J.: 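Attaching a single structure in structure tokens format; questions to follow.
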Amino acid sequence: MEANTDQIWKLLDEVKDPEIPVLSLVDLGVITHVEQNNENVRVEMTPTFVGCPALDYMKQEVIEKLLNNGYTNVEVNISFSTPWNSDKISEKGKKALQQFGLAPPMPNSLFTDISVLEHVICPRCNTNNTELKNPFGPTLCRSIHYCHTCKEAFEQFKPIQ
Amino acid sequence: MKEVALKELLYKIADDQLILGHRNSEWTGFGPLLEEDIAFSSMAQDKVGQSYALYQLLNQLGEQEPDTVAFMRNAQQFHNCQLVELPNGEYDFSLIRHFLFDTAEAIRFDLLSQSSYQPLADLAKKIKGELQYHTLHANTLIKKLGSATPESIGRLQNSLDIALPYALGIFEPSPFESSIIAEGFFAGEAELQKQWILKVDALLAQTQLKPISWPTVKAIYGGRNGQHTEHLQPLLDEMSEVFKIDPTAEW
């Protein structure tokens with residue numbers, strides 16, 4: 001019989017993104033499905049970027065978290081059937097990104113053209129007096145920008161459709 | 001027959017990604033600017049990761065494990081176009097190749113997002129979003145350097161003239177072309193080439209580079225069929241060195 005999976009989702013909310021430790025995997029939106037049958041749990045995950053090197057690490061963290069909490073048979077599958085996009089980051093997650101100093105991705109409804117990246121809102125001063133320095137950054141999911149008001153560089157979690 | 005056609009399609013796309021991903025990674029530590037070092041390294045990571053996902057699709061269709069497929073084949077068994085295996089040369093050549101290849105790649109994955117083979121369509125939808133950043137990068141720099149100084153324009157023009165016949169080799173038709181199109185796996189190389197020429201022409205029109213006289217460019221074919229330049233085997237030897245010493249090594 002299929003059980004209520006709330007407890008599992010709660011546990012997964014404690015597993016953080018290894019590169020952005022303020023963000024849980026649930027807030028990041030990479031957990032796409034959870035199924036439970038007594039001690040057997042099946043979790044489906046999808047990567048933010050296809051080449052994300054942190055994916056295996058995240059998968060391992062999920063398995064350990066559930067094994068340490070009494071689930072004896074845990075299976076985690078990677079799938080693209082529900083592909084990730086940046087709108088999957090929760091509101092709570094976007095706030096956490098902003099507080100971390102990383103500009104959250106704009107909603108995809110506003111990401112109408114790649115040129116909108118030229119004036120991303122600065123996470124510090126909230127103005128768009130900014131410019132895109134590099135569509136690539138320290139990790140695949142971040143771009144580098146410069147704020148003319150703060151006179152400082154900042155990073156953005158890239159929007160992806 | 002259907003499955004043979006599908007596998008051939010997946011192999012050539014995956015091999016393109018892996019080989020250009022490796023070439024891009026050769027810029028790590030050598031980029032002319034820190035930003036470009038980061039950009040080429042990031043694109044390398046994207047492309048190698050995308051090739052891995054495509055080799056996994058092949059693995060699900062009964063082919064060997066991704067690592068085995070990537071590291072244990074010799075040059076004649078690779079289906080990448082010759083454009084992606086050419087040495088990086090100077091930055092101008094790498095940039096021109098990146099522009100020509102990724103313009104095609106962005107259209108290819110857009111078309112593949114309509115594939116009748118659902119696992120490929122799902123993956124293509126994901127990859128096409130990522131490639132927006134690759135084409136943004138290429139277009140920005142070609143527009144800038146293609147209108148900057150006589151040296152930057154001259155260098156890009158020279159590299160463009162060298163790369164174009166190889167770039168047309170991206171679209172070398174497959175022996176299974178009609179089956180691939182009839183099955184709805186992919187819209188086909190001719191359709192891709194048609195859309196690619198429009199995009200390339202439109203971008204070059206925003207620079208001081210010469211408009212391309214397409215009928216005078218003669219395509220260099222062979223890569224899709226396992227015929228490669230002398231540059232591919234040394235690349236494969238280097239890429240597979242650790243795996244061949246110790247196939248169980250983890251890093």
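Just so it is clear, the values below take in all heavy atoms, side chains as well, and ignore hydrogens, waters and symmetry mates. We name chains A, B, ... by the order of the sequence lines, and we start the count at 1 in each one. Note that this is a predicted model, so its numbers are computed, not measured.
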J.: For B:Lys7, does the NZ atom have more than 12 heavy-atom neighbours from other residues, nucleotides or ligands under 6.0 Å away?
T.: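 Yes, enclosed.
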J.: If you compare all heavy atoms of A:Pro83 against all heavy atoms of B:Lys126, which two are closest, and at what distance to 0.1 Å?
T.: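 Answer, listing the atom of A:Pro83 first, then B:Lys126: CB-CD, 4.0 Å.
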J.: For the atom pair NE2 (B:His134) and CZ (A:Phe136), what is the distance rounded to the nearest 0.5 Å?
T.: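 Going from the NE2 atom of B:His134 to the CZ atom of A:Phe136 covers 4.5 Å.
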J.: As an exercise, state the distance from CZ of A:Arg142 to CD1 of B:Ile38, rounded to the nearest 0.5 Å.
T.: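 The distance works out to 11.5 Å.
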J.: Side chain, backbone, both or neither: which part of A:Ile78 has a non-hydrogen atom closer than 4.5 Å to chain B?
T.: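 For A:Ile78, neither part sits under 4.5 Å from chain B.
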J.: Go through the atoms of A:Pro159 and report whether side chain, backbone, both or neither lie under 4.5 Å from a heavy atom of chain B.
T.: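 Both parts, backbone and side chain.
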J.: Side chain, backbone, both or neither: which part of B:Tyr133 has an atom under 4.5 Å from a heavy atom of chain A?
T.: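 When you check distances to chain A, atoms from both the backbone and side chain of B:Tyr133 fall under 4.5 Å.
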J.: Just wondering, more than 12 heavy atoms not from B:Met72 lying within 6.0 Å of its CE?
T.: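 No, CE of B:Met72 has 12 or fewer neighbouring heavy atoms, counting only those of other groups under 6.0 Å.
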J.: Nearest 0.5 angstrom please: A:Leu117 CG to B:Thr140 OG1, how far?
T.: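 The distance works out to 10.0 Å.
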J.: Which atom pair, heavy atoms only, marks the closest approach of A:Ser81 to B:Asp122?
T.: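 Heavy-atom minimum between the residues: CA-OD2, 3.5 Å.
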J.: Look at atom CD of B:Glu151 and say whether more than 12 heavy atoms of other residues, nucleotides or ligands are closer to it than 6.0 Å.
T.: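 Counting other residues, nucleotides and ligands, CD of B:Glu151 stays at 12 neighbours or fewer.
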J.: Could you report the tightest heavy-atom contact between A:Leu140 and B:Ser42, atom names first, then the distance?
T.: CD2-O, 3.4 Å
J.: What's the spacing between B:Leu123 CG and A:Ser79 OG if we round to 0.5 Å?
T.: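 Rounded to the nearest 0.5 Å, the CG-OG separation comes out at 10.5 Å.
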J.: Would you please test B:Gln132 and A:Ile160 for side-chain contact (heavy atoms from CB on, under 4.5 Å) and show each step?
T.: CA-CA 9 Å; B:Gln132 272 195 296; A:Ile160 280 274; over 6 Å; no
J.: Which atoms of A:Thr48 come close to chain B, meaning under 4.5 Å heavy atom to heavy atom: side chain ones, backbone ones, both, or neither?
T.: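 Interface part for A:Thr48: backbone (N, CA, C, O).
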J.: Taking the side chain from B:Glu130 and the backbone from A:Val50, do they hold a donor-acceptor pair closer than 3.5 Å?
T.: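 Flag set: sc B:Glu130 to bb A:Val50 pair under 3.5 Å.
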J.: Which atoms of A:Leu132 are under 4.5 Å from chain B, going by heavy atoms: the side chain, the backbone, both sets, or neither?
T.: side chain
J.: If you count heavy atoms of other groups shown closer than 6.0 angstrom to CD of A:Glu118, is the number above 12?
T.: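 It does: A:Glu118 CD has more than 12 such atoms within range.
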J.: Atom CD of B:Gln45 and atom OG1 of A:Thr139: how far apart are they, to the nearest 0.5 Å?
T.: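 The OG1 atom of A:Thr139 is 8.5 Å from CD of B:Gln45, to the nearest 0.5 Å.
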J.: Is the number of heavy atoms from other residues, nucleotides or ligands within 6.0 Å of OH (B:Tyr11) greater than 12?
T.: yes
J.: Are there more than 12 heavy atoms of other residues, nucleotides or ligands under 6.0 Å from atom NZ of A:Lys95?
T.: no
J.: Looking only at heavy atoms, which two atoms of A:Asn134 and B:Ala39 are closest? And how far apart?
T.: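 Between these two residues, the closest heavy atoms are OD1-CB, 4.1 Å.
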